[in-house]
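The structure appears below as structure tokens.
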Amino acid sequence: MRIATYNINGINGRLKVLLAWLEEAQPDVVCLQELKTDDHGFPRAALEKAGYGAVYKGQKANHGVAILAKGSAPLLTRKLLPGDPTDKQSRYIEAAVEGVLFACLYAPNGNPQPGPRFDYKLRWLARLIDHAQTFLTAGLPVALVGDFNVVPTDADIYSAQSSWKTDALLQPAARAAFAKLLAQGWVDALRTLHPQSPLYTFWDYKRNAWPRNAGLRIDHFLLSPTLAPRLREGHVETAQRGREGASDHAPAVLTLR
DNA sequence: ATGTCCTGGATACCAGGA
């Protein structure tokens, strides 16, 4: 079973790019972030034609998440991250495919920091930590997949002393939230497979980031202890970032037995 | 400090988010 995460940065503006990649990579499950469309505008028919069923929670202009499954419809379990009924942003969707539960997430960016946007990011991550614990307590095979908007360590960025130093993605409080998930028992799949590789998944459109490989690792797969033993292979589809009309994120793929 | 690209509201280009 091949599972993927892909921050598509506008699913309609980049539908051709997405369909070409699906055709080429043939993943079984895809967690998408930053749809930037409401549910009405989700390209359900085009994805069905490409062989993928979908569940999605869209939002006009910003955010929005979806889970695709090849040849089937994912079994939807939630569209809201518990813990704050007043939170209206579409950043979480959860569904089961072939006995594995996928939590597709798009954590808040949190800039500028400090400030209310960074506070929201930390509160959102705290809610994720609480919800993640319920999966572990239940012993379920779960993958937390998506754009966490956290650079976990200085090894996960081209230069920790760059202008990113004061960015919300690198702040100690954000990193502490990610570390707390690992301390719960979640396995950082890509880092476990490749302890020494950069594993960048994001290159800013600005600052000439892609040509000089000024990347950040912010898209992650966290596997529950019951699922982690099935981990076989994983990589970032780096070449996708260099395509015409690419998202600022590259997709990443894992193979599970 | 700057840079780029998406979306929406407009119906030209700008604001907001990232």
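What you see below is based on every heavy atom in this structure, not just the backbone, and it leaves out hydrogens, waters and symmetry mates. Below, chains carry the letters A, B, ... as their sequence lines are ordered, and counting in each starts from 1.
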Residue-phosphate contact under 4.0 Å: A:Arg14 side-chain N/O, B:dC6 OP1/OP2: yes
Residues that A:Tyr56 engages under side-chain hydrogen bond (donor to acceptor under 3.5 Å, both in side chains), provided they are two or more places apart: A:Arg44
Integer-rounded Å distance: B:dA15 C1' and A:Lys60 NZ: 15 Å
A:Gln196: partners by side chain to side chain contact (heavy atoms under 4.5 Å, CB included), with sequence neighbours left out: none
Whole-angstrom distance between B:dA18 and B:dG3, as gauged at atom C1': 13 Å
Spacing of A:Asn12 atom CG relative to B:dG8 atom P, expressed in whole Å: 8 Å
Residues in side-chain hydrogen bond (donor to acceptor under 3.5 Å, both in side chains) contact with A:Ser247, at least two apart in sequence or another chain: none
For nucleotides 16-18 of chain B, give me every protein contact, N/O to N/O, under 3.5 Å, one pair per line with atom names.
residue : atom : partner  : partner atom : Å
B:dA18  : OP1  : A:Arg91  : NH2          : 3.3
B:dA18  : OP2  : A:Arg117 : NH2          : 2.0

Less than 3.5 Å apart, which donor and acceptor atoms pair up between the side chains of residues 132-151 of chain A and the rest of the protein, not counting sequence neighbours?
residue  : atom : partner  : partner atom : Å
A:Gln133 : OE1  : A:Gln184 : NE2          : 3.3
A:Gln133 : NE2  : A:Thr137 : OG1          : 3.2
A:Thr134 : OG1  : A:His131 : O            : 2.5
A:Thr137 : OG1  : A:Gln133 : O            : 2.9
A:Asp147 : OD1  : A:Asn149 : N            : 2.9
A:Asp147 : OD2  : A:Asn7   : ND2          : 3.0
A:Asn149 : ND2  : A:Ala107 : O            : 2.8

Nearest-angstrom distance, C1' atom, B:dT11 to B:dA15: 16 Å
For the student: nearest non-hydrogen atoms of A:Gln33 and A:Cys104, plus distance: NE2-SG, 3.6 Å
Which residues share a side-chain hydrogen bond (donor to acceptor under 3.5 Å, both in side chains) with A:Asp119, sequence neighbours left out: none
